[in-house]
Novice: 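I'd like to ask some things about the structure below.
The structure displayed is predicted, hence computed values, not measured ones. In listed order, ligands and their atoms are each counted from 1.
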Amino acid sequence: MSSYRIALNFEDGVTRFLDCRAGEKLLDAAYRNQINLPMDCSDGVCGTCKCRSETGTYDLGDDYIEDALTAGEAASRLVLTCQMRPTSDGIVSVPTRSSVCKTAQQKLATTVTRVTAHGDAAVVLELQMEGDCRPQFLPGQYINIDVPGSAASRSYSFTTAPGENHLGFLIRKLPVGLMSNWLSHAKPGDRVTATGPLGSFYLRDTERPLLFLAGGTGLAPFLSMLEVLVAKQSWQPVHLVYGVTKDEDLVLIDVLESYVDRLPDFSFTTVVADQGSKHPRKGWVTDHMPTGLLSGETDIYLCGPPPMVDAVRTWLSAHDISPNSFHYEKFTPNLTLKESA
Ligand SMILES: Cc1cc2nc3c(=O)[nH]c(=O)nc-3n(C[C@H](O)[C@H](O)[C@H](O)COP(=O)(O)OP(=O)(O)OC[C@H]3O[C@@H](n4cnc5c(N)ncnc54)[C@H](O)[C@@H]3O)c2cc1C
Ligand code: FES
């Protein structure tokens, strides 16, 4: 029997994947997977089970009343999980915390396979899952990696595609920092645990051209998104503007160049803020926006340190640019201050 892979993205950013059988109601599939989605009547009457379908196709069902789901809500992709039956893979946002639904983040056990330093700017950390585990996540999401030898953890966006045994991360090297210090002596064979996946910054359906805006290691989630676009053979135009502070912060340019060959319509520009740099494009990401891609017809994704994200958001609103689909994530240093939309 065929089934569809549905990602439930909870309000606290936790994501759980489940297989929904063809013709099965989402609420029933969740229950079968020990996830208690909010519900009351299970009859399409109360509206308690209302969620938003972010991507994918579905049959809404016709056994519910207007008080539970209005025509306007249905048009904006709100669904009643006690009635809707997915007809493709998709993502559903659940407007409640994962703990309320008796589900939680997953613990991942991994081993370091490679640590590659890019000067003093960044480190690429490669981990292998124990056993044949291939964690599912949405491209753009992150996990919390426990810093070995401490009780703390730090958040890092996947650079690799979902569903692989091998996980990659691009991590900024700070002169002094808990994870940065550990990375300076991390070696293959070290055991590392993590929890996740998390986050509401992920690639939605690609129905329009995409503009990716990355600041520093904010490049990381876009690498995962690009991998998925390659796997999907996406023909949508994708342009990335990658801004850094100093020349040496520009890393993985060869990887970005490889996407020019691997995707039908991918281009990127790099920008360096340091005025002493010999780079042909100096300044901030906002000084080098591709004007042709700034109409409401382009989906914009933005990721980087909080000042960069705030500056771009301010610039977009000052230029009256309100994309159809706009998503951002700040690499906030303090773990309690994650912000994404
Ligand atoms: C959702 C999310 C995803 C993230 N993904 C990534 C990622 O893919 N790659 C990545 O490199 N980082 C990412 N981060 C940031 C990361 O979680 C850590 O905050 C960062 O790596 C610093 O960790 P550390 O242990 O080395 O330093 P810490 O011990 O946390 O900090 C040491 C000192 O440096 C300061 N500091 C921390 N970060 C910065 C900074 N960026 N600039 C200047 N000073 C700073 C701290 O305030 C503190 O004083 C992400 C953050 C969030 C919230
Ligand atoms: S649980 Fe009442 S409408 Fe779905």
Novice: Counting only heavy atoms, tell me which of I145, L174, V147 gets closest to atom 38 (N) of ligand 1.
Specialist: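 Looking at heavy atoms only, the winner is L174.
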Novice: Quick one about R85 and Y58 (side-chain donor to acceptor, distance below 3.5 Å, no hydrogens or angles considered), yes or no?
Specialist: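 Short answer, no.
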Novice: Just verifying a value: how many Å separate T81 OG1 and R52 CZ, rounded to the nearest 0.5 Å?
Specialist: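 These two atoms lie 14.0 Å from each other.
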Novice: Is atom 4 (Fe) of ligand 2 under 2.8 Å from any N, O or S atom of C46?
Specialist: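 No, C46 does not qualify, because none of its backbone or side-chain N, O or S atoms lies under 2.8 Å.
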Novice: Take every heavy atom of K173, measure it against each atom of ligand 1, and state whether any distance is under 4.0 Å.
Specialist: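 The answer is no: ligand 1 sits nowhere under 4.0 Å from a heavy atom of K173.
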Novice: Does the residue F169 have a heavy-atom contact with ligand 1, meaning some pair of atoms that are separated by less than 4.0 Å?
Specialist: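 Flag not set, F169 not near ligand 1.
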Novice: Begin with the C-alpha distance, continue with both residues' side-chain angles, and end with the deciding distance and a verdict on side-chain hydrogen bond (donor to acceptor under 3.5 Å, both in side chains) for E11 and T96.
Specialist: CA-CA 5 Å; E11 194 180 60; T96 187; 5.4 Å; no
Novice: Looking at F10, I'd like to know if the NZ or CZ of R16 sits under 6.0 Å from its six-membered ring centre while staying within 45 degrees of the ring's axis.
Specialist: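 Judged by the rule, R16 and F10 form no cation-pi pair.
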Novice: For F169 together with F158, are the ring centres under 6.0 Å from each other?
Specialist: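 Here the rings of F169 and F158 have centres that are less than 6.0 Å from each other.
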Novice: Considering only heavy atoms, which of S180, S150, A152 lies nearest to atom 26 (O) of ligand 1?
Specialist: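 Closest candidate by heavy-atom distance is S180.
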Novice: Number the atoms of ligand 2 from 1 as they appear, then name those within less than 4.0 Å of a heavy atom of S42, with their elements.
Specialist: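 Once the distances to S42 are compared, the set is 1 (S), 2 (Fe).
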Novice: Flag T332 as yes when one of its N or O atoms lies below 3.5 Å from any N or O atom of ligand 1, and as no otherwise.
Specialist: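 In fact, backbone or side chain, T332 has no N or O that close.
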Novice: Counting from 1, what ligand 2 atoms have a heavy atom of V45 closer than 4.0 Å?
Specialist: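 Atoms satisfying the 4.0 Å criterion: 3 (S).
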Novice: Could you tell me which atoms of ligand 2, counted from 1 in the order shown, lie closer than 4.0 angstrom to a heavy atom of G47?
Specialist: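 Within the 4.0 Å cut-off of G47, ligand 2 contributes 2 (Fe), 3 (S).
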Novice: Looking at F266, is R262 sitting on its ring face, NZ or CZ under 6.0 Å from the six-membered ring centre and within 45 degrees of the normal?
Specialist: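 No, a cation-pi geometry is absent between R262 and F266.
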Novice: For the ring pair Y142 and Y156, is the centre-to-centre distance below 6.0 Å?
Specialist: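 Distance test on ring centres: not under 6.0 Å, no.
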Novice: Would H239 and S267 satisfy side-chain hydrogen bond (donor to acceptor under 3.5 Å, both in side chains), going step by step from the backbone distance to the final call?
Specialist: CA-CA 5 Å; H239 185 75; S267 56; 2.7 Å; yes
Novice: Taking atom types as modelled, find out whether S325 and H327 have a side-chain donor-acceptor pair closer than 3.5 angstrom.
Specialist: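 Yes, side-chain donor-acceptor contact under 3.5 Å.
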Novice: State the atoms of ligand 1, each with its element, that fall below the 4.0 Å cut-off from a heavy-atom position in V176.
Specialist: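 Those qualifying, in numeric order: 32 (C), 33 (C).
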Novice: Measure from atom 2 (Fe) of ligand 2 to each N, O or S atom of C49 and report whether any distance is below 2.8 Å.
Specialist: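 No - counting backbone and side chain alike, C49 has no N, O or S atom under 2.8 Å.
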Novice: Between F331, Y142, Y156, which one has a non-hydrogen atom sitting closest to atom 20 (C) of ligand 1?
Specialist: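 Checking each option, the heavy atom nearest atom 20 (C) of ligand 1 is found in Y156.
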Novice: Could you list which atoms of ligand 2 come closer than 4.0 Å to a heavy atom of G44?
Specialist: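 Contacts of ligand 2 toward G44, numbered from 1: 3 (S).
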Novice: So is I171 polar-close to ligand 1, meaning N/O to N/O under 3.5 Å?
Specialist: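 Checking ligand 1 against I171, no N or O pair falls under 3.5 Å apart.
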Novice: Mark up the atoms of ligand 2 that fall under 4.0 Å of a heavy atom belonging to C82, in ascending order.
Specialist: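 Those of ligand 2 that fall under 4.0 Å from C82 are 1 (S), 3 (S), 4 (Fe).
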Novice: For D40, take its heavy atoms, then give the atoms of ligand 2 lying under 4.0 Å from any of them.
Specialist: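 Atoms satisfying the 4.0 Å criterion: 1 (S).
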Novice: Going through the distances and angles, do E73 and K50 end up as a salt bridge (Lys or Arg N to Asp or Glu O under 4.0 Å)?
Specialist: CA-CA 10 Å; E73 288 174 326; K50 204 176 294 172; 3.1 Å; yes
